[in-house]
Amino acid sequence: MDSFSSHSSMGSGSPQMSTEDLKDQLKTQLAQAYAQEFLETVREKCFDKCITKPGSSLSGSESSCISRCVERYIEATGIISRALFSAPR
Amino acid sequence: MDPSSLNSAELEQFLSQEKERAMVNEMVAKLTSACWDKCITSSPGSKFSSSETSCLSNCAHRYMDMSLIIMKRFQSMN
């Protein structure tokens, strides 16, 4: 059951969802979907780069690698974004 | 929900904007993933080296160049 149906009007007198509410709800759900997808990619990339030989626990160097990896991947996204949409060739 | 609001021009415009945003988002995500693989070959450091930064930027630009070539080539085949 998706969150839309909890707002739908089933009978007379119940509140209807305005276009504004619908737009807000869509925007929120889209933002959440984008964030989830991004996180999944970061997990994949950083697992590849940082956990080369899985041990019985995460080592300190693996943990710091992961932290740096997340920061670098976010930075890379910005670099690509700017290259695509602002910097001239 | 008022059915007429589902057909409103306002909602249509909103949806087409969000569609475009989604396409942009997908392109950035795909390209970042591919360029990361090509350019970041060693363990991530506390900042990018200048060669890593240029590689990432070049990667995006060359992808666009390639895209153009492919389109032109494809069109010339019709």
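Below, chains carry the letters A, B, ... as their sequence lines are ordered, and counting in each starts from 1. Fair warning: this is a prediction, and the values are worked out from it, not measured in the lab. Below, each value reflects all heavy atoms present in this structure, side chains not excepted, and no hydrogens, waters or symmetry copies.
- The shortest distance between side-chain heavy atoms of B:Ile40 and A:Lys49 falls below 4.5 Å.
- Taking hydrophobic clusters as Ile, Leu, Val, Met, Phe, Trp and Tyr residues chained together by side-chain heavy-atom distances below 4.5 Å, A:Leu30 does not share a cluster with A:Met17.
- Looking at B:Ser42, the atoms closer than 4.5 Å to chain A (heavy atoms on both sides) all sit in the backbone: N, CA, C or O.
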- [ ] Under the side chain to side chain contact (heavy atoms under 4.5 Å, CB included) rule, what do B:Glu10 and A:Lys23 come out as? Steps first, then yes or no, please.
- [x] CA-CA 10 Å; B:Glu10 184 191 354; A:Lys23 282 180 7 178; 3.0 Å; yes

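- Residues B:Trp36 and A:Thr41 have side chains not in contact (no heavy-atom distance under 4.5 Å, counting atoms from C-beta outward).
- Nearest heavy atom pair, residue A:Ile80 against residue B:Cys35, reads CD1-CB, 3.8 Å.
- Counting non-hydrogen atoms of other residues, nucleotides and ligands closer than 6.0 Å to CD of B:Gln17 gives a total above 12.
- Across every non-hydrogen atom of A:Ile79 and B:Ser57, the tightest pair is CG2-N, 3.9 Å.
- Within the 4.5 angstrom heavy-atom criterion, only side-chain atoms of B:Asp37, from C-beta onward, approach chain A.
- Here the closest heavy-atom approach between residue B:Leu31 and residue A:Leu84 is recorded as CD2-CD2, 3.6 Å.
- If you measure heavy-atom distances from B:Ser54 to chain A, you find no contacts under 4.5 Å at all.
- Contact record, B:Ser43 with A:Cys65: OG-SG, 3.6 Å, taken as the closest heavy-atom pair.
- Contact of the A:Glu71 side chain with the B:Lys47 side chain is not registered, since no non-hydrogen atoms from C-beta on lie closer than 4.5 Å.
- Tracing side-chain contacts under 4.5 Å through hydrophobic residues (I, L, V, M, F, W, Y), one reaches B:Met66 starting from A:Phe85; they form part of the same cluster.
- Between A:Glu75 and B:Glu52, the closest side-chain pair of non-hydrogen atoms is not below 4.5 Å.
- Heavy-atom distances place the side chain of B:Phe14, and not its backbone, under 4.5 Å from chain A.
- Remark: the backbone N or O of B:Pro44 is not paired with any side-chain donor or acceptor of A:Arg72 at under 3.5 angstrom.
- The two residues A:Ala76 and B:Leu56 have their closest heavy-atom pair at CB-CD1, 3.8 Å.
- There is a path of hydrophobic side-chain contacts, each under 4.5 Å, that joins B:Val24 to B:Met64.
- There is no contact between A:Phe38 and chain B, counting heavy-atom distances below 4.5 Å.
- Tracing side-chain contacts under 4.5 Å through hydrophobic residues (I, L, V, M, F, W, Y), one reaches B:Tyr63 starting from B:Ile70; they form part of the same cluster.
- Rounding to the nearest 0.5 angstrom, the gap separating the OH atom in A:Tyr34 from the CD atom in B:Glu26 is 9.5 Å.
- To the nearest 0.5 Å, the span separating CG on A:Leu26 from CG on B:Leu15 amounts to 6.5 Å.
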